[in-house]
Amino acid sequence: MVVSSAVASPLCTWFVAACMSVSGDKNHHRPTPSPAAMFSSSKRLSRSARRKLPAAVTECNNFSGGGGLMSFGIMNNLMSSLEPCEEYYRSKSMSSCLSIFGCENGFTIFGFNNSSSMNRIQKRMNRAAHTGKTTAIAVQPAKEGTTKKKPVAKKRRVVVTGLGVVSPVGHVADVFYENLLEGVSGISEIEAFDCDQFPTKIAGEIKSFSADGWVAPKLSKRADKFMLYLLTAGKKALEDGGVTEDVMKELDIAKCGVLIGSALGGMKVFQDGVEALRVSYKKMNPFCVPFATTNMGSAMLAMDLGWMGPNYSISTACATSNFCILNAANHIIRGETDMMLSGGSDSAIIPIGLGGFVACNSLSQRNGDPTRASRPWDVSRDGFVMGEGAGVLLLEELEHAKARGAKIYAEFLGGSFTCDAYHMTEPHPDGTGIALCIEKALAQSGVAREDVNYINAHATSSQSGDLNEYEAIIRCFGDNSELKINSTKSMIGHLLGAAGAVEAVATVKAIQTGWLHPNINLENPDVGVDKEVLVGAKKEQLNIKVALSNSFGFGGHNSSILFAPYKDQ
């Protein structure tokens, strides 16, 4: 039986010293120490080592010639597991005690692996036997065989090769970003249902959308909008990435995955189910439960594509998309996948969604002028504006993308998550969690803070959230004179779980085009906000070195992800 070196090494000297403490005179007995005294040092052993001690097969009550010390139960169990060699069985003298560590067929784990060592130890043993003195021998553990170090594997790089979006200002990535650059607002009065009973009657509502050509007609009639947006944006990202039918045939489907999340899932399907239940359960849509769950969008897209790699969703409120994007990238970095569709989707502009956020006292009530309602960092902001849509990024391992001749928009560098651990809906007042998240993102990705010169902020147009994020950003990057910050939400509102992905699309397009979209409605910045750091009312040109995109959610979830222009190294 082999004894783990993790147990053997710390006990090496102790075993031999214990063995030597018994006199060679058979008539000389020492009292058996109490278990507490004898094993007081066992607390210093690792927990796993202590667990192994009682498991060392059966007791051996005759281990030492003198009787007392080594007859203690646990140590007898351990020592009997060493399977001593023949000499031990022929003699119960002190020399036989030693022989189990040194004989040719014994064990070398305690260091007795040559005859000269044995001779020296035997002489000391003989002297101890004549004098009756206790002798302890310190023994060096045997040197383990050296193993060759494995070559350091080159880190797999992740690039963005496709963009898909469904938003209040466009359903094609180029159109979407062109409208942002022109300052076009997608916020208007809600038309999907009667809002007379609500104090808020505006949203970033998608007025015209068709899934024709992207989603099967039967599924389109049954599925929730969040799922239709997700499926459409996901397939558009593939099309934009040049993943044609021919390319699909060449892919290793076991290394292609989908990780697209949602904060609220199929709320309309679930609401309709509740209404049907008022009549009878027999009136309920049989797809009510599966189509309401947040994971089903990713699952349906994978079924449609036949992709058998990692497939799940993450739901962390308004930070959902960034969590999905970073985790999808990690699957690629670890070599588990070569290609991932990642992002988020939400559609909650329905009575229960609007009413819920009104009850939270979170929404703007600037109903008379919808396009000016979302105004991050402006002193007159009065809450965020709900939006809906989906954003999907096609992430790909660099060499895989190059091998198929893919267009590369940008490189994904990394990111991080933290938790405020403070309040359900309010951010930590001094922005501690946000600053920590940014710092961890920089450390994880190996990016120098002076290289970050563009930030697409979370900035929802809420009273406390905007200032807390701004202060955290300045704390981290205040010395950078090139730094520019904007908020996509000023034009499309807050897309909840889809916000981070749609804003990631905007961030990648900023890197590609070299243009930053404006912060509309920023007429009078709040106290302490430096207007020079924020992008103005018109688009601005910038040679982006590294871009950071923030997303934060109810529950104190913070997320920061980093992108940069792709450079072939």
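Position 1 is the first residue of the sequence; numbering continues from there.
A salt bridge links Arg372 with Asp369: the closest approach of a Lys/Arg side-chain nitrogen to an acidic carboxylate oxygen falls below 4.0 angstrom. In summary, Lys236 and Asp240 do not engage in a salt bridge, as defined by a charged side-chain N under 4.0 Å from a carboxylate O. Lys201 has no carboxylate O lying under 4.0 Å from a charged side-chain N of Asp196, or vice versa, which leaves the two without a salt bridge. With respect to the salt-bridge test (charged N to carboxylate O, under 4.0 angstrom), the residues Asp378 and Arg375 qualify. Between Glu411 and Lys567, no side-chain nitrogen of the basic residue sits less than 4.0 Å from a carboxylate oxygen of the acidic one, so the salt-bridge criterion is not met. Here Lys545 does not pair with Glu450 in a salt bridge; the nearest charged N to carboxylate O distance is not below 4.0 Å. Remark: Lys207 engages Glu205 in a salt bridge, criterion side-chain N to carboxylate O under 4.0 Å. Between Asp338 and Arg156 there is a salt bridge, since a side-chain N of the basic residue sits under 4.0 Å from a carboxylate O of the acidic one. The residues Asp479 and Arg449 are annotated as not salt-bridged, no charged nitrogen and carboxylate oxygen being separated by less than 4.0 angstrom.
Checked options Glu503, His458, Glu469; the residue passing with Asn550 is Glu469 (criterion: side chain to side chain donor-acceptor pair (under 3.5 Å)).
By the ring pair (Phe, Tyr, Trp, His ring centres under 6.0 Å) test, Phe323 is found to be paired with Phe417, residues two or more places apart in sequence or in another chain being considered.
Within the 4.5 Å cutoff, the side chain of Arg157 has no heavy atoms near those of the Glu397 side chain. Side-chain contact between Ile333 and Val158: present, with at least one pair of heavy atoms (C-beta onward) separated by less than 4.5 Å. Put simply, the side chain of Ile260 reaches to within 4.5 Å of the side chain of Val392, judged on heavy atoms.
Aromatic pair Phe291/Phe270: centroids not less than 6.0 angstrom apart. Side-chain rings of Phe563 and Tyr409 stay apart, their centers remaining 6.0 Å or farther from each other.
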Going through the checks in order, is the side-chain contact (heavy atoms from CB on, under 4.5 Å) test met by His494 and Cys318? CA-CA 9 Å; His494 190 352; Cys318 305; 3.2 Å; yes
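The shortest non-hydrogen separation linking Gly234 to Leu341 is O-CD2, 3.9 Å.
Note that Lys235 lies outside the cation-pi zone of Trp214, set by a 6.0 Å cut-off to the ring centre and a 45° limit from the axis.
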